[in-house]
Each structure stands twice: as structure tokens, then as C-alpha cells.
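Keep in mind that the numbers below use all heavy atoms, side chains included, and drop hydrogens, waters and symmetry copies. Numbered from 1 within each chain, the chains take letters A, B, ... in sequence-line order.
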There are 2 protein chains.
Amino acid sequence: MFSKSCEYGLQAILYIALHARPDRKVGLKEIADNQDIPAHFLSKILQILVKYKLLVSVKGPNGGFALYRKAEDITLLEVVSAIDGLDIFERCGIGLKHCDDAHPCPIHNKFKFLRESIRNTLMKETLADLIFAVEEGKTYVTLKHLISE
Amino acid sequence: MFSKSCEYGLQAILYIALHARPDRKVGLKEIADNQDIPAHFLSKILQILVKYKLLVSVKGPNGGFALYRKAEDITLLEVVSAIDGLDIFERCGIGLKHCDDAHPCPIHNKFKFLRESIRNTLMKETLADLIFAVEEGKTYVTLKHLISE
DNA sequence: ATACAGCATGTTTTCAAAATCCTGCGAATA
DNA sequence: TATTCGCAGGATTTTGAAAACATGCTGTAT
Ligand code: FES
Ligand code: FES
């Protein structure tokens with residue numbers, strides 16, 4: 001569905017939303033270790049999110065990453081479109097050159113509906129919604145502690 | 001969404017469903033030419049569909065491919081699962097090791113619903129449904145003739 | 001029986017995503 | 001202002017899907 005880069009990016013921004021405080025940035029290595037993501041690779045992905053104004057980064061001692069805006073104001077769609085672009089929402093399901101209402105492929109109508117459903121879901125979900133459930137212990141962004149039990 | 005192999009496979013089996021007759025198999029090259037698919041690559045994909053009993057192949061003069069069963073009895077889900085497997089319907093949306101109801105990631109519930117929608121759609125659509133619309137001129141499996149207009 | 005059309009199969013090449021390597025730069029702090 | 005921490009970002013390597021290539025094989029037509 002999403003590229004590996006995008007999956008890593010989603011994990012990372014959720015981790016940051018969970019663990020960053022006004023006085024505490026989250027370090028690259030901390031995220032990489034806890035989420036099992038190659039550190040140097042993650043670095044590039046977070047750079048993208050900084051460029052798209054979803055994260056801020058601070059260099060030097062006690063540096064790290066934090067959300068650029070409030071968690072309530074960041075949707076998953078923004079993260080996905082920054083990393084993977086909007087191509088998945090425009091691409092023909094059976095790979096025809098152009099996805100076009102005027103010349104629909106056999107699955108166009110059904111497929112278009114499904115793509116829209118995904119897009120709407122991503123657009124409605126904010127980081128705040130998601131980390132709320134994590135803080136309640138209902139969902140998880142890392143399975144590390146579960147394995148060590 | 002689907003791999004390129006899978007997209008090619010869907011295009012090809014639709015083409016076959018449209019153009020095969022009891023006395024006329026459809027040649028590999030004919031499909032490759034009309035759908036703009038690398039011939040040797042398509043060959044491998046169709047081999048998979050033959051192995052999964054979705055197509056039959058006949059060698060020699062006037063040979064080619066035809067549906068193994070009636071178009072009414074072949075669903076898109078069978079084609080997709082033969083080529084890409086069922087991984088997309090089981091994989092975690094943000095890339096966690098295991099997608100599990102007992103330890104859901106933050107988007108698990110929403111995402112699971114979307115995956116199910118896709119699976120149900122693919123399961124309900126038969127080749128017969130789809131080629132019917134094509135024969136009526138409402139949808140298209142190739143854009144070749146549209147370009148040459 | 002023989003020729004040949006057309007699929008079957010293994011190998012090689014290409015290309016982009018994924019992962020790694022390495023150096024530079026800015027901020028904190030002493 | 002010197003040192004060091006930690007992100008920035010270009011360059012490179014690795015990996016695997018996609019594509020191309022080459023050859024074998026098999027059933028049909030004559
Ligand atoms: S034309 Fe195929 S999905 Fe729109
Ligand atoms: S655990 Fe992430 S989608 Fe199920």
C-alpha cells in the first residue's frame with residue numbers, strides 16, 4: 001500500500017508525537033532503536049518531513065525532532081503525500097496510462113471509490129486522535145516491550 | 001496498490017476473456033502488442049495463471065491462451081492472489097511486524113476495514129461482469145484505439 | 001514423420017527503492 | 001572560542017522487482 005519509506009515516516013512521526021515535550025526533543029537514534037528502523041535511512045525520511053513543515057529539527061546537544069504544528073493539526077494524509085506523493089490516489093488500478101473518468105477501465109468506478117475511502121480516512125485521522133488511543137494503552141506504535149515480556 | 005506483474009495479469013486476463021472464443025485461442029504476442037506489455041515478461045505472468053488453473057494454454061499453430069473456467073466463475077481476487085498473494089490484505093499499514101487484533105497499531109481498525117472493502121470488491125467482481133461493460137463500450141481495457149483516433 | 005508455430009523456462013541486464021557510508025554544519029556549553 | 005553533540009545531505013552500495021534475452025520444448029498441421 002505505502003512505500004517502506006512512508007511506513008517508517010508514519011511510525012516515526014507517531015513516535016515523536018508521543019514522546020516529544022516542549023522541553024524535550026526526540027533524538028534520531030532513539031526513534032531508530034525503538035522502531036527498528038535503519039538510522040541513516042530514517043534520517044533522510046525525517047529530512048523530508050522537516051522540509052514539508054511537519055517536523056522541526058534542532059541540532060547540537062539536546063537536539064532532535066519535534067512536531068512543527070500541534071498534533072491536532074497534522075493529518076496522516078499530509079505525511080503520506082509528503083513522502084509518497086498523491087500518486088496512489090490517481091493511478092489506474094490495472095495500470096493503464098491514464099486514469100480518466102471519460103475513458104474508464106473496467107474497474108475504474110469501484111476502484112475510484114476505494115481510493116477515495118482511503119484518502120478520506122487518512123485526511124480525517126490526526127496524530128492527536130491516534131496517540132490518544134496509544135496513551136490509553138489501546139493501541140501500539142512499537143512492539144518492543146511486548147516481545148520482552 | 002498492486003504490483004506491475006499483477007496489473008499486467010489483470011489486463012491480460014481481461015483481454016483474453018474479451019477476445020477468446022471456443023474455436024479461437026488468444027496468442028501471447030497479440031496480448032502483448034495490444035496492451036503494451038513486454039512479451040517475455042507477460043509469458044511468465046500467464047504461466048502463473050495457468051498453474052493456478054485460471055487459464056489454459058495450447059501450444060502449436062493456432063495455439064494461445066483461453067480461460068480455464070467460464071468468465072462468470074473467475075473473480076478478480078483469484079487473479080490478484082495468484083500473482084501478488086494475499087499479503088496486502090494482511091500487512092500492517094504502518095509496517096509493524098505483525099498485524100494483530102490483540103495488539104493493534106494506531107490505524108489498525110480503520111485500515112483493516114479498508115483492506116476488507118478492497119478484498120470484498122475484488123471478490124464480488126467476476127470477469128463476466130467486467131467484460132460486459134467493455135462490450136457495451138462503457139469501459140476500456142486498452143487505450144490503443146483511442147490514441148489513434 | 002516432419003516442420004513449425006507458439007508456449008515454457010533459465011539467465012542476464014536494467015533500474016529504482018532501500019540501505020549504508022561519509023563529511024559538513026549549526027547549536028549548546030564550558 | 002574551542003569542543004562536542006547531533007542533524008543535514010551528498011555519494012555510494014545493495015537489493016529485488018521489472019524487463020530483456022536466449023534457448024528449449026511440445027502439440028498441431030500437413
Ligand atoms: S482508469 Fe483504471 S482505475 Fe481509473
Ligand atoms: S496492526 Fe497495523 S494495520 Fe493491523
Side-chain angles (χ1 to χ4, degrees), chain A residues 1-13 15-16 19-20 23-33 35-68 80 82-85 87-88 91 94-95, chain B residues 1-13 15-16 19-20 23-33 35-68 83-85 87-88 95:
Chain A
M1 181 78 70
F2 307 126
S3 73
K4 214 136 196 175
S5 295
C6 191
E7 291 178 348
Y8 288 159
L10 289 167
Q11 286 183 40
I13 203 169
Y15 186 96
I16 292 166
H19 295 101
D23 59 336
R24 179 179 178 276
K25 310 287 181 198
V26 183
L28 176 69
K29 192 159 168 36
E30 179 187 341
I31 307 171
D33 285 347
Q35 298 299 129
D36 261 318
I37 301 173
H40 290 82
F41 189 28
L42 178 59
S43 171
K44 288 209 170 36
I45 298 164
L46 295 189
Q47 280 174 42
I48 296 171
L49 297 182
V50 169
K51 192 171 70 181
Y52 277 84
K53 298 278 179 66
L54 296 174
L55 294 178
V56 285
S57 69
V58 178
K59 297 180 180 183
N62 305 315
F65 296 89
L67 298 184
Y68 189 92
V80 170
I83 300 175
D84 275 358
D87 201 51
I88 24 168
R91 179 177 176 73
I94 63 171
Chain B
M1 179 79 69
F2 307 127
S3 72
K4 214 134 196 173
S5 294
C6 192
E7 291 178 349
Y8 287 160
L10 289 167
Q11 285 184 40
I13 202 168
Y15 187 97
I16 293 167
H19 295 101
D23 59 336
R24 180 178 177 277
K25 310 287 182 197
V26 183
L28 176 70
K29 192 159 170 34
E30 179 187 342
I31 307 171
D33 284 347
Q35 299 297 129
D36 261 317
I37 302 173
H40 290 83
F41 189 27
L42 179 59
S43 172
K44 286 199 174 47
I45 298 164
L46 295 189
Q47 280 173 42
I48 295 171
L49 297 182
V50 169
K51 191 171 72 180
Y52 276 83
K53 298 279 179 66
L54 297 174
L55 294 178
V56 285
S57 70
V58 177
K59 298 180 180 184
N62 304 316
F65 295 88
L67 298 183
Y68 188 92
I83 299 174
D84 275 357
D87 202 51
I88 24 168

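Atom P of nucleotide dA8(D) and atom CD1 of I45(A) are separated by 13 Å, given to the nearest angstrom. Between the P atom of dG6(C) and the CZ atom of R24(B) lies a distance of 11 Å, rounded to the nearest Å. Distance, F65(B) CZ to dG27(D) P: 14 Å, rounded to whole Å. Protein atom CG of D36(B) is 14 Å distant from nucleotide atom C1' of dA19(D), rounded to whole Å. In this entry the distance linking NZ of K4(B) with C1' of dA18(D) reads 8 Å, nearest Å. Rounding to whole angstrom units, CG of residue D87(A) and P of dA16(C) are separated by 14 Å. With rounding to whole Å, Y8(A) atom OH is found 15 Å from dA17(C) atom P. A straight line from NZ of K25(B) to P of dG27(D) spans 14 Å, rounded to a whole angstrom.
Checking the phosphate oxygens (OP1, OP2) of dA17(D), no side-chain nitrogen or oxygen of S3(B) falls inside 4.0 Å. Proximity of S5(A) to the phosphate of dA18(C): a side-chain N or O atom is located under 4.0 Å from OP1 or OP2. Side-chain nitrogen and oxygen atoms of N62(B) include none within less than 4.0 Å of the OP1 or OP2 phosphate oxygen of dG27(D).
Taking both residues in full, the closest heavy atoms of P38(A) and Y8(A) are given as CD-OH, 4.0 Å, listed atom of the first, atom of the second, then distance. Looking at every heavy atom in both residues, E7(B) comes nearest to F2(B) through OE2-O, 3.9 Å. Counting all heavy atoms, side chain and backbone alike, M1(B) lies closest to I88(A) at N-CG2, 4.4 Å.
Rounding to the nearest 0.5 angstrom, the gap separating the CG atom in D36(B) from the CG atom in L42(B) is 11.5 Å. Summarising the geometry, atom CG belonging to L54(B) is positioned 9.0 Å from atom CG belonging to L67(B); distances are rounded to the nearest 0.5 Å. The line from CD1 of I45(B) to CD1 of I31(B) is 10.5 Å long, rounded to the nearest 0.5 Å.
As judged by a 4.0 angstrom heavy-atom cut-off over every strand, K44(B) is placed among the base-contacting residues. Residue-level contact check: S43(B) touches the bases, meaning some heavy atom is under 4.0 Å from a base atom. P61(B) comes within 4.0 angstrom of a nucleotide base, judged by non-hydrogen atoms across all strands.
The side chain of P38(A) approaches dA19(C) more closely than any other nucleotide in the set dA19(C), dA8(D), dA19(D). In this structure, the nucleotide among dC7(C), dA19(D), dA22(D) sitting nearest to the side chain of L28(B) is dC7(C). For K59(B), whose side chain is taken as the heavy atoms from C-beta onward, the closest listed nucleotide among dA5(C), dC7(C), dT29(C) is dC7(C). Nearest to the side chain of F41(A), among dT20(C), dC7(C), dC7(D), sits dT20(C). Of the candidate nucleotides dA8(D), dT9(C), dC22(C), dT9(C) has the atom lying nearest to any side-chain atom of Q47(B).
Between H40(A) and G60(A), it is G60(A) whose nearest contact on DNA chain D lies nearer the 5' terminus. Summary of the strand contacts: V50(B) and F2(A) both lie near DNA chain C, and taking for each the nucleotide with the nearest heavy atom, the more 5' one is attributed to V50(B).
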